[in-house]
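Structure first, then comments.
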Amino acid sequence: MGSVVRPLEVFTKTAYRNSCVWLGTCTALSGERPCWQWIWNGADHRIANDNGAVAMEHRVRAAELNCPTIITGNINSLGELTKKFYREKQCHLAQETDECRTDLIACLELLHHAKAAPPNIVLGGLSGRLDHTLATLHSLVQAHSLASGSTPSSPIYVLDGDNLMFCLAQGAHRFHLDRAHLTDVCGIVPITQLPKEGSINVRQSNFRPKRELPRVASAGISITSLSLSAPSFRLRMSWPATKSPCSAASLD
């Protein structure tokens, strides 16, 4: 039967609680939407990177946003008054010492070790500089295997003002969607690094037009724009058994 995916439940205030990452950047662009506030404030675990902590400080002071439970990244870049404020709010400041890791990976690992309630929702990371957006996509694929094996401990959704992005593991998936939240267009992006003879095969149903998506060769990307013909659809991801790539799906 495969997994059942309900990504739009992140917009349902009463559906369940969540764990949240506020991923700020060095630019003012974040793609923020009004729903970010109640998604963040309703989270049991709230983690921000250093840029996110700076961006939200005045709103935390005004009690518009709840204080992060943890701030990670380059803590030394925070001003002394900012650090003092967050410490007084019982926020843990965790200096990231591995320069090879992205802020997103550091945040998601903290959620993973805390056994945070699913789903893990990342606010930001898809707007602004292209290299930051690509780093978010790369980190999302990396984080898909934070738990032992190739199955993630909980769903990870990255949300900005225009997109809801997440990864799919190998196997069959059935999506249930509230089309009131959609433009009825879905993008499916297989991303992997395979040997030259390898390829990814993606089959889908309940799309217009109904067809097999292009086979993707080594390190290739196939971007699709398909129209939904029903409030649910199925995907089956398959690739050589020796590889464990993911695919990122983006809903408009």
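Numbers here simply count residues along the sequence, with the first being 1.
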**Item:** Derivation and outcome, side chain to side chain contact (heavy atoms under 4.5 Å, CB included), residues Leu108 and Leu111
**Value:** CA-CA 5 Å; Leu108 291 174; Leu111 288 179; 4.3 Å; yes

**Complete:** Closest heavy-atom pair, Gly73 versus Asp103, reported as atoms and distance to 0.1 Å, is CA-OD1, 3.9 Å

**Message:** Nearest 0.5 Å, please: how far is CG in Leu93 from CD1 in Ile75?
**Reply:** 5.0 Å

**All salt bridge (charged side-chain N to carboxylate O under 4.0 Å, His left out) counterparts of Asp131, not counting sequence neighbours** = Arg129

**Minimum heavy-atom distance between Leu8 and Leu164, given as atom pair plus value** = CD2-CD2, 3.9 Å

**Item:** Side-chain touch Val158/Leu140, heavy atoms, less than 4.5 angstrom
**Value:** yes

**Asked** Are any side-chain N or O atoms of Asn49 and backbone N or O atoms of Gly24, one a donor and one an acceptor, separated by less than 3.5 Å?
**Response** yes

**Request:** Using the side chain to side chain contact (heavy atoms under 4.5 Å, CB included) rule, take Asn18 and Val10 through it: C-alpha gap first, then chi angles, then the decisive distance, then the call.
**Result:** CA-CA 8 Å; Asn18 61 75; Val10 302; over 6 Å; no

**Prompt:** Atom CD1 in Ile47, atom CD1 in Ile71: separation rounded to 0.5 Å?
**Reply:** 10.5 Å

**Message:** Working note: Val60 + Asn66, criterion side chain to side chain contact (heavy atoms under 4.5 Å, CB included); need CA distance, chi angles, decisive distance, verdict.
**Reply:** CA-CA 6 Å; Val60 176; Asn66 287 346; over 6 Å; no

**Request:** Report yes or no: does Arg46 contribute a side-chain atom to a donor-acceptor pair with the main-chain N or O of Cys67 at less than 3.5 Å?
**Result:** yes

**Request:** Enter the distance from His58:NE2 to Phe85:CZ here, rounded to the nearest 0.5 Å.
**Result:** 11.5 Å

**Asked** Roughly how far, to the nearest 0.5 Å, is the SG atom of Cys20 from the CG atom of Asn120?
**Response** 9.0 Å

**Message:** Could you check whether Glu80 pairs with Lys84 (Lys NZ or Arg NE/NH1/NH2 to Asp/Glu carboxylate O, under 4.0 Å)?
**Reply:** no

**Request:** Provide the closest heavy-atom pair for Ile156 versus Ala143 in the form atom of the first, atom of the second, distance.
**Result:** CD1-CB, 3.9 Å

**Message:** Can you give me the closest heavy-atom contact between Thr136 and Gly125, atom names plus distance?
**Reply:** OG1-O, 2.7 Å

**Asked** Under a 4.5 Å cut-off applied to non-hydrogen side-chain atoms, are Val5 and Arg174 in contact?
**Response** no

**Prompt:** Just by distance, do the side chain of Thr69 and the backbone of His45 share a donor-acceptor pair under 3.5 Å?
**Reply:** no

**Message:** By the salt bridge (Lys or Arg N to Asp or Glu O under 4.0 Å) test, which pairs, at least two apart or in different chains, include something from residues 64-73?
**Reply:** Arg59-Glu64

**Qualifying residues under salt bridge (charged side-chain N to carboxylate O under 4.0 Å, His left out), relative to Arg101, sequence neighbours excluded** = Glu96, Glu109

**Asked** Is there a donor-acceptor pair closer than 3.5 Å between any side-chain N or O of Asn163 and the backbone N or O of Met165?
**Response** no

**Asked** For the atom pair CZ (Arg33) and CD1 (Ile39), what is the distance rounded to the nearest 0.5 Å?
**Response** 12.5 Å

**Asked** Relative to each other, are the rings of Trp36 and Trp22 parallel, tilted or perpendicular (30° and 60° limits)?
**Response** perpendicular

**Fill in**
Rounded to the nearest 0.5 Å, the CG atom of Asn74 sits from the CD atom of Glu99 at a distance of 9.0 Å

**Message:** Checking Leu123 against Trp40 for the side chain to side chain contact (heavy atoms under 4.5 Å, CB included) test, could you report, in this order, the C-alpha distance in whole Å, the side-chain angles of both residues, the deciding distance, and whether it holds?
**Reply:** CA-CA 8 Å; Leu123 302 175; Trp40 173 262; 4.2 Å; yes

**Request:** Taking the side chain as every heavy atom from C-beta outward, state whether His92 and Tyr86 have any pair of such atoms under 4.5 Å apart.
**Result:** no

**Asked** Under 6.0 Å from the CG atom of Leu81, do we count more than 12 heavy atoms belonging to anything else shown?
**Response** no

**Message:** Using modelled atom types and a 3.5 Å cut-off, is there a donor and acceptor pairing between side-chain atoms of Ser139 and backbone atoms of Ile105?
**Reply:** no

**Request:** Measure across Thr72 and Leu110 and return the closest heavy-atom pair with its distance rounded to 0.1 Å.
**Result:** CB-CD1, 3.9 Å

**Arg6 charged N/C atom sitting above Phe175 aromatic ring, 6.0 Å / 45°** = no

**Contact summary for Ser19 and Ala116, nearest pair of heavy atoms** = OG-CB, 2.9 Å

